[in-house]
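Following: one structure in structure tokens, then a few remarks.
The chain is numbered in sequence order, starting from 1. Ligands are counted one by one from 1 in listed order, and the atoms in each one are counted from 1 as well.
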Amino acid sequence: MSLPVYTHSACLGHDTGPGHPESSQRLAAVIQALHEHLPGLDWREAPRATRGQLLRVHDEHLLEAVLEHAPAARTQLDPDTVLSPSSGEAALRAAGAGVAAVDAVMHGDAERAFCAVRPPGHHATGGQAMGFCLFNNAAVAAAHALDKHGLSRVAVVDFDVHHGNGTQAIFEAEPRVLYLSSHQQGLFPHSGSRRERGLGNIMNLPLPPGTGSRMFQEAWVERLLPELEAFRPQLVLISAGFDAHWRDPLAQMQLDAADFAWLTGELCAIAGQHAAGRTVSLLEGGYDLQALRECSVAHVRALLPA
Ligand SMILES: [Zn+2]
């Protein structure tokens with residue numbers, strides 16, 4: 001069984017403008033690197049998320065802002081977050097990828113799947129696009145697993161270097177979801193302290209700038225992986241950002257591709273014990289193209305069926 005990879009050319013059409021770190025070149029680099037280094041992946045076209053799927057986590061106002069008022073030219077939703085004429089379609093496909101990937105692993109069509117999509121999602125809250133994110137792709141996928149597939153324990157594991165404030169906000173009162181995040185402290189969006197625990201279903205691990213492989217792996221082994229294990233997830237979703245790589249221009253962590261491969265392996269092992277292997281990973285951040293190529297290949301290689 002090969003690994004399904006969901007993507008859509010529309011995700012390249014979300015135009016953030018010259019000089020913006022969250023560029024279409026990022027996704028193009030990921031797709032090209034996966035084709036080059038991992039031939040035989042099961043490439044699939046991401047469907048559009050439906051209104052009903054989005055409304056499980058987002059409110060009408062956000063849907064309207066992203067989908068119904070397509071601008072004639074690029075407009076800023078905030079200083080970081082851009083809406084271009086084609087952004088609505090990209091956002092629908094990015095969220096739809098996660099939903100389709102959840103359906104695939106829940107139906108036993110595949111054990112694991114990867115979503116090569118943009119815009120990223122983990123900063124988008126129920127009502128607000130922010131931090132380069134329009135819809136919260138991982139949250140839409142998690143809510144689909146709860147509502148459509150009747151799961152009662154879904155884990156969202158977020159190793160992007162930024163805290164996934166949107167995912168946390170959406171699920172902090174939802175005991176069926178466990179949200180785990182490691183991130184660099186002091187960065188955007190300045191949330192994600194250890195004190196933020198939700199119902200006990202939120203676990204944040206802020207790490208100091210300069211954190212390297214050893215400290216990162218120890219932190220996961222000591223603090224976050226035991227939480228995941230104890231939760232006995234029926235599905236593991238991964239918010240896979242690669243901006244904790246040492247080359248990344250937006251952060252100061254010192255990880256390399258092998259760290260992402262290691263963590264992916266650990267997550268797959270826990271999913272193997274409790275979730276019949278079911279793991280869905282969604283691309284979030286990562287702003288150095290070379291690092292993004294190496295990390296996405298290492299991550300997807302670690303997701304491949306044995
Ligand atoms: Zn990030």
Side-chain angles (χ1 to χ4, degrees), residues 11 14 16 19-27 29-30 77-82 90-91 94-95 98 114-125 128-139 141 156-170 179-193 196 202-212 216 219-220 224 237-257 259-260 263-264 267 281-296 298-299:
C11 293
H14 167 55
T16 50
H20 195 290
E22 204 291 284
S23 69
S24 62
Q25 292 161 288
R26 298 177 58 247
L27 181 58
V30 168
L77 295 177
D78 68 25
D80 299 320
T81 313
V82 176
F114 181 64
C115 300
V117 294
R118 65 184 281 277
H122 72 155
H123 297 305
T125 65
Q128 201 182 354
M130 63 180 281
F132 314 161
C133 302
L134 298 177
F135 296 140
N136 193 316
N137 308 319
V156 182
V157 177
D158 186 336
F159 56 69
D160 187 282
V161 82
H162 302 96
H163 178 237
N165 60 300
T167 312
Q168 174 174 306
I170 288 167
Y179 176 70
L180 300 177
S181 174
S182 67
H183 42 272
Q184 181 180 324
Q185 65 192 63
L187 288 186
F188 179 89
H190 306 287
S191 54
S193 85
E196 297 164 28
I202 305 291
M203 178 94 180
N204 288 308
L205 194 60
L207 296 167
T211 294
F216 176 80
W220 275 89
L224 295 178
L237 300 178
I238 305 176
S239 268
F242 301 110
D243 37 10
H245 190 277
W246 63 271
R247 293 178 62 102
D248 197 273
L250 300 193
Q252 293 77 38
M253 300 272 274
Q254 297 292 320
L255 303 190
D256 59 31
D259 294 307
F260 297 108
L263 182 52
T264 306
L267 299 175
S281 173
L282 302 99
L283 181 66
E284 298 278 2
Y287 303 99
D288 177 85
L289 297 184
Q290 181 57 30
L292 201 47
R293 283 186 198 97
E294 288 173 19
C295 293
S296 57
H299 174 65

Discussion item. Between His162 and the Zn ion (ligand 1), is there a contact where an N/O/S atom of the residue lies under 2.8 Å from the metal?
Written reply: yes
Practice prompt. Give, for atom NE2 of His299 and atom CG of Leu292, the distance between the pair rounded to the nearest 0.5 Å.
Written response: 11.5 Å
Practice prompt. Measure from the Zn ion (ligand 1) to each N, O or S atom of Glu284 and report whether any distance is below 2.8 Å.
Written response: no
Worksheet, complete the sentence: Output for pair (Gln168 CD, Met203 CE), nearest 0.5 Å, gives 12.0 Å
Worksheet entry | Parallel, tilted or perpendicular, as decided by the 30° and 60° cut-offs, for the rings of Phe159 and Phe260 | tilted
Discussion item. Suppose we only allow N, O or S atoms; which atom of Asp160 ends up nearest to the Zn ion (ligand 1)?
Written reply: OD1
Item to complete: Indicate yes or no for a side-chain donor-acceptor contact from Asp243 to the backbone of Val161 under 3.5 Å, with no hydrogens or angles considered.
Response: yes
Item to complete: Could you pull out the atom name of the N/O/S atom in Asp243 that is nearest the Zn ion (ligand 1)?
Response: OD2
